[in-house]
Each structure stands twice: as structure tokens, then as C-alpha cells.
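All values below come from the heavy atoms of this structure, side chains included, with hydrogens, waters and symmetry mates left out. Every number for a ligand or one of its atoms is a count from 1 in the order of the listing.
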Amino acid sequence: MSMGKKPYISLILTKRCNAKCQMCNCHLNPTKPEDEFSPALIDKLPKMKSTTLTGGEPFLRNDIEEVLKKLQGKTDRILINTNGYYTERICEVCAEFPGVGVRISIDGSEKTHNEIRGVPDIYDHAMDTIDKLIKIRGKHDLGIGFCIQDRNYTELIPMFEWAENHGLEFGFSVVQNSSFFNKADNVINNQDNIVNELEKLKRGYLETNNPRKWARAYFTDGAIKYVLNVKKPLTCDAGRSSFFVSAYGDVMPCNDFPKDMIMGNLNNMSWTEIMNSDQGKSIVRMCEKCSANCWSICNMGSQMRRNICKIVLWIVRNKVL
Ligand code: SF4
Ligand code: SF4
């Protein structure tokens, strides 16, 4: 890891999940609660620029408050990704930690979302969670996350407009495979249609008055390149300034390698030992040479922040076109 640069770390708190999403098999191979890493391991992490708590469903952890307490002062920002099902629990935790960002998965209309997520009433729960969070702590850093795929690309723009009209953040990911989530058969068949919708989203972001959303237009442009399998405009920084920590305490450069790439485990090594280990260094070298074209906010967010000049130039060129 480059000295002096605070990393971006995603903590996979659990592989347990109440949903059975069509694009993720996390629920088929869940962690046992007793095997999940203890909040005490957070003491071993370096100071972080940003920490994303993810899963599985992070709110299935009974000790998420302890995780959040341990992260205070350790990271500049905390974001939790959730499927939004456990309204009461989510509201209880978010009321205690009002500065934490929350992204709730919504993949389209009620019917589409429930079908994709494999739970008959998950849309109602997620929407109820959004309403209640707004009442409890306002709209600050609250938003939805949309996973674009063949099943729902026609609903991308309606959901973006819904979020804009409600003053909520709108983020998206493009469906992808991941060894960690036991999924290797996600494919995109409607490439052209998905690209058309992403082009509309890019314009939608650019037409706002919000510079952060202009940067999302740049991210959307990268996602278009990913769908078209055109070389991405920024290299990824996995293993150098962005990392994943698995529910077992394994430190990995990213979540996208076809097989798990474990640099070391926080249960028996310090962060520095992992970074300086032969295994850690050889994985970083593999990442540097990696020719995969992945484009997700977890592995590109840090690079985008470090390439601000390039992104500003892109925005200027594209806003005036
Ligand atoms: S995508 Fe998220 S909500 Fe769906 S099964 Fe996987 S971890 Fe659970
Ligand atoms: S490009 Fe390679 S190293 Fe980077 S996120 Fe993808 S699989 Fe990981």
C-alpha cells in the first residue's frame, strides 16, 4: 500500500442473507455467526479514507453497533449497503449513528424488485425503511442502489427519476460475477439496450447542477465501456489503495477475481504483516498486471478521487457537447 494514502476498505460483515437474489448465490454458502470476524479486528485496520459495510445483509449482524463504534475516528466516512428488509433494526442502528451513509437496494418496480431479490415483500420493506429513515434522520447520505441487468434495464431511468424527485442519492452497479458470492454465470445479453439506458443516465447526471453527480456521469461512462468490453479509462487500484476484508477476516484486493485472492488473515496477522508478506506482495503484482475490465464503485471510487483533473476535463468536454 502506498505510504501516506488512506485506503478505501469494504468490510464484508457476513455472507448470511435473507434475500435470494438471482444474481448472487451468497445465501447458498452463508457464514456461521461464530466464524464472522470480531469487531475487535477493526483495531488492526489502518486509518481509512472510506469504509463500506456490506454483505450478505450487514444488519443480520447483532453486533453491528460495536463495528460502527470501533470505526469511529478510524475512517473519514462510513457507508452501509443493505437490502432494507429489516426496517426496525436498520432504523434503530441509523438513529444511533446518524452520520453513517445508507444505500438501500431497489432494482426497479415492486414486481421486478421482488422477483430479482427472491423475496415476495422485500420492495415494501425497503420502501418502508426509506420512509422511516427520512423521518428519523432526514435525507442526508441516504440513497438507493440499482443493480442493472437484463431483467430490469428498462426501469433504470424511472428509478433514477424517482430518486431525483425524492431528493435521494442514486447509485448503480452493473451485474457481475464474483467468486466470493459463488456466482459465475451472470451474463448480459441485452448489451445495446443496457448501453442506451446508461447513456440516458449519463445525460441525466450531467444535466443536474450537482458536481458530485457530474462525477457519477463519468462513472456511468466507465460502466458503458465495461458493458461494451472497451478498455476502461482508469486502471484499478485494488491491492494498493482499495481492499476487501471478508467475513472471515481475509484481506483481499478485490471481489472480482475469478477465485478468492487472499493476501492474509487479520485473525493471525497485523495489517502491516499482510501488506509486507510474500503472499500479499505477489497478489499486488497480479493486480497490477490484471487485464480484467471490472468497473465498480468499490474498486474505481478511490481512483476517481485521485484522478480529479482527468475527470474534470471529461466533465467540461461532455457538459458542453
Ligand atoms: S445481492 Fe445482496 S441482498 Fe442479494 S443475496 Fe446477495 S448479498 Fe443478499
Ligand atoms: S481489474 Fe483485476 S485487480 Fe482490478 S478489481 Fe478487477 S479483478 Fe480485481
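Heavy atoms of R117 come nearer than 4.0 angstrom to ligand 1 in at least one pair. Residue contact check for ligand 2: K232 places a non-hydrogen atom closer than 4.0 Å to it.
Looking only at atom types and distance, the side chain of D35 has no donor-acceptor partner in the side chain of T31 under 3.5 Å away. A donor atom on one side chain and an acceptor atom on the other are not found under 3.5 Å apart for E197 and T154. Looking only at atom types and distance, the side chain of Y153 has a donor-acceptor partner in the side chain of N193 under 3.5 Å away.
In terms of protein heavy atoms, atom 1 (S) of ligand 1 is closest to C24 CB, 3.6 Å. Summary of contacts: the protein heavy atom closest to atom 7 (S) of ligand 1 is G56 N, 3.4 Å. For atom 4 (Fe) of ligand 1, the nearest non-hydrogen atom of the protein is C21 SG, 2.2 Å. Counting only heavy atoms of the protein, atom 8 (Fe) of ligand 1 lies nearest to C17 SG, 2.3 Å.
Residue pairs that meet the ring-ring contact (aromatic ring centres under 6.0 Å, His included) test with at least one member in residues 187-240, sequence neighbours left out, are F160-Y205, F172-F219, Y218-W314, F219-W295.
At least one donor-acceptor pair under 3.5 Å links the side chain of Q72 to the backbone N or O of L68. Remark: side-chain polar atoms of R216 are paired, donor with acceptor, to backbone N or O of F170 under 3.5 angstrom. Between the side chain of D150 and the backbone N or O of N189 there is at least one donor-acceptor pair closer than 3.5 Å.
Counting atoms of ligand 2 from 1 in the listed order, those under 4.0 Å from a heavy atom of C290 are 1 (S), 2 (Fe), 3 (S), 7 (S). Within ligand 1, the atoms closer than 4.0 Å to a non-hydrogen atom of N83 are 3 (S), numbered from 1 in the order shown. Near C236, meaning under 4.0 Å from one of its heavy atoms, ligand 2 places the atoms 1 (S), 3 (S), 4 (Fe), 5 (S). Taking every non-hydrogen atom of C254 and a distance limit under 4.0 Å, the qualifying atoms of ligand 2 come out as 5 (S), 7 (S), 8 (Fe). Taking every non-hydrogen atom of A19 and a distance limit under 4.0 Å, the qualifying atoms of ligand 1 come out as 3 (S), 5 (S).
Because the distance cut-off is set at 2.8 Å, C294 fails to qualify as a neighbour of atom 8 (Fe) of ligand 2, as none of its N, O or S atoms comes that close. None of the N, O or S atoms belonging to C26 lies under 2.8 Å away from atom 6 (Fe) of ligand 1.
Taking the six-membered ring for Trp, F146 and W162 have ring centres at least 6.0 Å apart.
One finds no salt bridge joining E66 and K70 here, because no Lys/Arg side-chain nitrogen approaches an Asp/Glu carboxylate oxygen to under 4.0 Å.
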